[in-house]
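This structure is a prediction, so every number in the text was calculated from the model and none was measured. Letters A, B, ... mirror the listed sequences (proteins, then strands); counts begin at 1.
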Protein chains: 2
Amino acid sequence: MELDKTDFKILAKLQDNGKSSYSEIARVINVSEGTVRARINKMLKEEVFEFIIHMNPNKIGLHVQAIIGLETKLGLQDHIACQLKTHQSVRFIGAFSGKHDLIIQGYFRDNEELVSFVNEQLAKIEGIISVDVNVELKQYKDTFSYIDT
Amino acid sequence: MELDKTDFKILAKLQDNGKSSYSEIARVINVSEGTVRARINKMLKEEVFEFIIHMNPNKIGLHVQAIIGLETKLGLQDHIACQLKTHQSVRFIGAFSGKHDLIIQGYFRDNEELVSFVNEQLAKIEGIISVDVNVELKQYKDTFSYIDT
DNA sequence: CAGTATTTTTACGAATTTATTAAAAAAATA
DNA sequence: TATTTTTTTAATAAATTCGTAAAAATACTG
């Protein structure tokens, strides 16, 4: 799908405020409400973006965040990733080039829950060679606003 | 702030669909629209969550994703993080315990842009001792739905 | 425990937004 | 240039949001 100037203007507005109304965006970028709606619906269908909420983990009792690098046995990476995917605590999983085959980001209630995730949940998955746990001490940024306004 | 059952029901609905209307949520969880609205506004004020859009980087031309671990000179970590924060390409920055002092996640147009980020942008920041670049080969998950429905 | 204050929920109407759709305009195609 | 296809607009009906006052529930106090 080809995004044009109007699409990017819409995305720029939504990037600033995910709750902007069609009408509001329409007024700002000088097109009709119907145009904004049509384009948003098209982009949603094409999975250009999604409307979501971003929860503050701390505020819902998840006080420990970690990025965990995994070394996996050749051939088992995909299977391992798919098992991890179902875990409630896991926010991100990717396969990577570099030292770690898989990198995952997870949110946990406390250190105990993190430890149990590593020593119980991960431990029982076959094919994990090594685990490198990095615990977050401070967060500086967790937003993405690529599009210029 | 103390979140109760009703708050969590609201969050659960919004987690499924960030565009659910107050009325829609109200119908499902059997309270008035005003209650849903009041609680959402309160949670927004308390920064429990935000309404955002999640863009699919590929669809806006960002085909290279990377997680970069940095080793930083003692005392300069905070300053480095704050400089990185302003970068358009950077989605996530955290300070961590473990091998890397800072871990960042970034989205780039192509390999060239990633390389220029590392060799030009990072290179000119004072106090970075080492850089460990992991390029994403496949993404398995990038969503968070912690709350049970 | 009664009484008062505070917070939360509900309910209602006005303002606004969304959704549907037909016609106009623009763009693409032959 | 004519024709088809896509996109935008405009108009109106349906639904949602918003502001607010009253009712209900909860918390607080003597």
### Task
Please confirm whether B:Tyr107 and A:Tyr146 have ring centers closer than 6.0 angstrom.
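Aromatic pair excluded; centres sit 6.0 Å or further apart.
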
#### Entry: Flag if over 12 foreign heavy atoms under 6.0 Å of CD, B:Glu47
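No, the 6.0 Å shell around CD holds no more than 12 heavy atoms from other groups.
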
### Message
Could you check whether any side-chain heavy atom of B:Leu3 comes within less than 4.5 Å of a side-chain heavy atom of B:Val48, counting everything from C-beta outward?
### Response
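SC-SC contact between B:Leu3 and B:Val48 confirmed.
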
### Message
So if I take residues 34-48 of chain A and measure heavy-atom distances to DNA chain D, which residues fall below 4.0 Å?
### Response
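Residues of residues 34-48 of chain A that come under 4.0 Å of DNA chain D are, in numerical order, A:Gly34, A:Thr35, A:Arg39, A:Lys42.
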
### Query
First and last nucleotide of DNA chain D in contact with chain B, 5' to 3', at under 4.0 Å to a heavy atom: what are they?
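Nucleotide range with atoms under 4.0 Å of chain B: D:dT16 to D:dG19.
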
### Query
For A:Tyr22, is the NZ or CZ atom of B:Lys19 found under 6.0 angstrom from the centre of its six-membered ring and inside 45 degrees of the ring axis?
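Yes - B:Lys19 lies over the ring of A:Tyr22, closer than 6.0 Å to its centre and within 45° of its axis.
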
#### Entry: B:Ile29: partners by side-chain contact (heavy atoms from CB on, under 4.5 Å), with sequence neighbours left out
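side-chain contact (heavy atoms from CB on, under 4.5 Å) list for B:Ile29, sorted by chain: B:Thr6, B:Lys9, B:Ile10, B:Ile25, B:Val31, B:Val36.
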
### Within residues 52-94 of chain B or reaching into it, pairs that qualify as ring pair (Phe, Tyr, Trp, His ring centres under 6.0 Å) - sequence neighbours excluded
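Output for this query lists B:His87-B:Phe117.
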
### Task
For B:Glu33, report the nucleic acid contact type (base, sugar-phosphate, nothing); a contact means any heavy atom under 4.0 Å.
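The answer is base, as B:Glu33 lies within the cut-off (heavy atoms under 4.0 Å) of a base atom.
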
### Query
If you look at every strand shown and take non-hydrogen atoms under 4.0 Å, does B:Ser32 touch a base, only sugar-phosphate, or nothing?
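Base: the residue B:Ser32, judged by heavy atoms under 4.0 Å, touches a nucleobase.
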
### Task
Figure out the OH/P separation between B:Tyr22 and C:dT17, and round it to whole Å.
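In whole Å, C:dT17 P and B:Tyr22 OH are 13 Å from each other.
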
### Task
Measure the distance from CG on B:Asn30 to P on C:dT10 and round it to the nearest whole Å.
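Interatomic distance, CG of B:Asn30 to P of C:dT10: 9 Å.
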
### Task
Please confirm whether the backbone N or O of B:Val90 pairs with a side-chain atom of A:Lys141, one donor and one acceptor, at under 3.5 Å?
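Side chain of A:Lys141 to backbone of B:Val90: a pair is present.
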
### Task
Please give the angle, rounded to 10 degrees, between the axes at the start and the end of the helix from C:dC1-D:dG30 to C:dA30-D:dT1, where five pairs define each axis.
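Both end axes considered, the difference amounts to 40°.
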
### Task
Go through the side-chain N and O atoms of A:Gln105 and A:Gln65 and say whether any donor and acceptor fall under 3.5 Å apart.
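No, no side-chain donor-acceptor pair sits under 3.5 Å.
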
### Query
Would you say the side chains of B:Asn56 and A:Glu50 form a donor-acceptor pair under 3.5 Å?
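No, no side-chain donor-acceptor contact under 3.5 Å.
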
### All ring pair (Phe, Tyr, Trp, His ring centres under 6.0 Å) counterparts of B:Phe96, not counting sequence neighbours
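B:Phe96 satisfies ring pair (Phe, Tyr, Trp, His ring centres under 6.0 Å) with no other residue.
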
